[in-house]
*Asks:* 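Would you mind keeping the following structure in view while I ask a few things?
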Amino acid sequence: MIICNINEFLNIINSNSKKLMCVDVGKNKTGLAFSDPNRKFSLASTVIKKSGLELMNELRRKVIEYDVAGIIIGLPLNDDNTPNKKCQSIKDITKNLDFIFNTNKIDLPIYYW
């Protein structure tokens, strides 16, 4: 489920001690970072060089493998804090990811940062 309110996101993820997955979607690659279970810090983990359905399935596998409580997806902004032209593409990818999670009965909050 895509969450637009940071407080709602925090309320959902604070009910357990699982990790957060941070996703940085690029033109050709997607970077992943995972927090520690206490969410005090996060470390870069891997780069995925896949797109489309392969990317979605790889993200689903990582969520299960790392026992993730929530996902934070980075949105690029211009220097004046307006949305970058890549933002719509990232939002479309996120909607597809949320659909795949729902289809596989994975209920995770997703928040844009």
*Asks:* Pair Ile48, Lys29 - check side-chain contact (heavy atoms from CB on, under 4.5 Å), show working.
*Replies:* CA-CA 6 Å; Ile48 302 171; Lys29 299 179 229 172; over 6 Å; no
*Asks:* In this structure, would Ile64 and Ile73 fall into the same cluster of hydrophobic residues linked by side-chain contacts under 4.5 Å?
*Replies:* yes
*Asks:* Atom CD1 in Ile72, atom CE in Met21: separation rounded to 0.5 Å?
*Replies:* 10.5 Å
*Asks:* For the pair Ser35 (side chain) and Leu20 (backbone), establish whether a donor and an acceptor sit closer than 3.5 Å, ignoring hydrogens and angles.
*Replies:* yes
*Asks:* If you take all heavy atoms of Ile90 and Pro76, which pair is closest and at what distance?
*Replies:* CD1-CD, 3.4 Å
*Asks:* Which residue in the set Ile12, Leu10, Ile2 passes side-chain contact (heavy atoms from CB on, under 4.5 Å) when paired with Pro109?
*Replies:* Ile12
*Asks:* Short question: side chain of Arg61, backbone of Met56 - any donor-acceptor pair under 3.5 Å?
*Replies:* no
*Asks:* When rounded to the nearest 0.5 angstrom, what is the spacing between OG1 in Thr82 and NZ in Lys85?
*Replies:* 12.5 Å
*Asks:* Within a strict 4.5 Å, meaning less than it, do heavy atoms of the Asp24 and Thr30 side chains meet?
*Replies:* no
*Asks:* If hydrophobic clusters are built by linking Ile, Leu, Val, Met, Phe, Trp and Tyr wherever their side-chain heavy atoms come under 4.5 Å apart, do Phe101 and Leu32 end up in the same one?
*Replies:* yes
*Asks:* Only one of Tyr111, Tyr112, Trp113 passes ring-ring contact (aromatic ring centres under 6.0 Å, His included) with Phe9; say which it is.
*Replies:* Tyr111
*Asks:* Could I get the full list of salt bridge (Lys or Arg N to Asp or Glu O under 4.0 Å) partners for Lys91, not counting sequence neighbours?
*Replies:* none
*Asks:* Would you kindly confirm whether Leu59 and Ile13 end up in one hydrophobic cluster when ILVMFWY residues are joined by side chain heavy atoms under 4.5 Å apart?
*Replies:* no
*Asks:* Taking C-beta and beyond as the side chain, do Val23 and Ile71 meet within less than 4.5 Å on heavy atoms?
*Replies:* yes
*Asks:* Is it true that, when you exclude Asp79 itself, more than 12 heavy atoms of the residues, nucleotides or ligands shown sit nearer than 6.0 Å to its CG?
*Replies:* no
*Asks:* Please check if the number of heavy atoms outside Lys50 that lie under 6.0 Å from its NZ is greater than 12.
*Replies:* yes
*Asks:* What distance do Asn38 atom CG and Lys18 atom NZ have between them, rounded to the nearest 0.5 Å?
*Replies:* 15.0 Å
*Asks:* Could you tell me whether a side-chain N or O of Asn84 sits under 3.5 Å from a main-chain N or O of Lys86, the two making a donor and an acceptor?
*Replies:* yes
*Asks:* Do the side chain of Asn5 and the main chain of Glu8 share a donor and acceptor less than 3.5 angstrom apart?
*Replies:* yes
*Asks:* To the nearest 0.5 Å, what is the distance between CD on Glu65 and OG on Ser45?
*Replies:* 8.0 Å
*Asks:* If you group Ile, Leu, Val, Met, Phe, Trp and Tyr by side-chain heavy-atom gaps below 4.5 Å, do Val68 and Leu43 land in one group?
*Replies:* no
*Asks:* Out of curiosity, Asp36 CG to Phe41 CZ, how far, rounded to the nearest 0.5 Å?
*Replies:* 4.0 Å
*Asks:* Answer yes or no: is there a donor N or O on one side and an acceptor on the other, between the side chain of Asn104 and the main chain of Ile106, under 3.5 Å?
*Replies:* no
*Asks:* Do Leu97 and Phe34 land in one hydrophobic cluster if side-chain heavy atoms of ILVMFWY residues count as linked below 4.5 Å?
*Replies:* yes
*Asks:* Taking Asp98 for its side chain and Thr94 for its backbone only, find out whether a donor-acceptor pair lies under 3.5 Å.
*Replies:* no
*Asks:* Supply the atom-to-atom distance Leu55 CG to Arg60 CZ, rounded to the nearest 0.5 angstrom.
*Replies:* 12.0 Å
*Asks:* Only counting residues at least two apart or in another chain, list the ones meeting salt bridge (Lys or Arg N to Asp or Glu O under 4.0 Å) with Lys19.
*Replies:* none
